[in-house]
Amino acid sequence: MTGLQNARDPSRADYDFRKFAAALKRKFYSEPNLAMRPLASEIGVTINDISRAMGGQMVSVGKVIALCRWLGVPVEHFYLEPELDLKSTCSTRSNVKHEARDGRH
């Protein structure tokens, strides 16, 4: 799974900050004469927030939403669904021994 954050369990939902960072960089560098300070002011985040997000670091949900609006994509575009079909490592057998009704184990 690409973009898996902090080596987290793929059976848990996550957000692809690497893909998010790539999209931010692509748009930022494709727009000539775009400066970080006016962009941050326009979006409602700080320059450090943009820098962290472009670096693939986690930023708060509100900042992700603001940056996604600037990108023109829904937040869900970078959502990583949990992989629910993974095999569990838990044992399904009981470790408790029960006596049979006739007294046998």
Side-chain angles (χ1 to χ4, degrees):
M1 177 190 263
T2 63
L4 190 61
Q5 297 298 312
N6 299 322
R8 290 176 56 178
D9 184 348
S11 67
R12 306 279 188 245
D14 207 346
Y15 201 73
D16 193 337
F17 282 95
R18 291 180 185 105
K19 184 177 174 184
F20 181 57
L24 290 170
K25 287 182 203 175
R26 194 168 35 255
K27 181 166 181 176
F28 181 79
Y29 293 117
S30 71
E31 295 187 17
N33 303 319
L34 185 60
M36 195 81 73
R37 189 173 308 280
L39 174 62
S41 180
E42 172 191 333
I43 296 172
V45 298
T46 67
I47 294 171
N48 288 335
D49 294 330
I50 295 174
S51 179
R52 279 193 298 275
M54 286 176 125
Q57 297 176 21
M58 291 187 236
V59 293
S60 73
V61 173
K63 293 166 185 174
V64 168
I65 292 169
L67 289 164
C68 281
R69 285 184 178 167
W70 174 71
L71 285 172
V73 297
V75 173
E76 295 83 6
H77 183 75
F78 304 104
Y79 172 65
L80 297 171
E81 291 192 29
E83 295 178 14
L84 300 176
D85 61 342
L86 295 176
K87 299 275 188 222
S88 174
T89 58
C90 297
S91 174
T92 57
R93 296 184 69 197
S94 173
N95 291 330
V96 178
K97 294 185 180 183
H98 299 279
E99 289 187 30
R101 292 184 188 244
D102 62 2
R104 293 183 303 193
H105 293 272

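Below, all heavy atoms of this structure are taken into account, side chains as well, without hydrogens, waters or symmetry copies.
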Return the minimal non-hydrogen interatomic distance between [X] and [Y], and the atom names on each side.
X	Y	result
Gly56	Phe17	O-CB, 3.7 Å
Pro82	Ala13	CB-N, 3.8 Å
Met54	Lys25	O-CE, 2.6 Å
Val64	Tyr15	CG1-OH, 3.2 Å
Leu24	Ala53	CD1-CB, 3.5 Å

Apply side chain to side chain contact (heavy atoms under 4.5 Å, CB included) to Tyr29 and Leu34, showing your working. CA-CA 8 Å; Tyr29 293 117; Leu34 185 60; over 6 Å; no
Does either side chain, that of Asn48 or that of Ser51, offer a donor lying less than 3.5 Å from an acceptor on the other one?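 Their side chains do not contain a donor-acceptor pair, so the 3.5 Å distance test is not met.
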Quick one: pull up [atom1] in [X] and [atom2] in [Y] and give me the separation to the nearest 0.5 Å.
X	Y	atom1	atom2	value
Arg37	Ile50	CZ	CD1	10.5 Å
Leu80	Arg12	CG	CZ	14.5 Å
Ile43	Arg69	CD1	CZ	11.5 Å

Taking the side chain from Lys27 and the backbone from Trp70, do they hold a donor-acceptor pair closer than 3.5 Å?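 Yes, Lys27 side chain to Trp70 backbone: donor-acceptor pair under 3.5 Å.
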Are Tyr79 and Phe20 connected in the hydrophobic side-chain network, where two residues link if heavy atoms are under 4.5 Å apart?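 No, Tyr79 and Phe20 fall in different hydrophobic clusters.
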Note, Ser11 side chain near Glu83 side chain (heavy atom, < 4.5 Å):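 With C-beta onward as the side chain, the pair stays apart.
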Met58 and Arg52: CA distance, side-chain angles, deciding distance, side chain to side chain contact (heavy atoms under 4.5 Å, CB included) verdict: CA-CA 7 Å; Met58 291 187 236; Arg52 279 193 298 275; over 6 Å; no
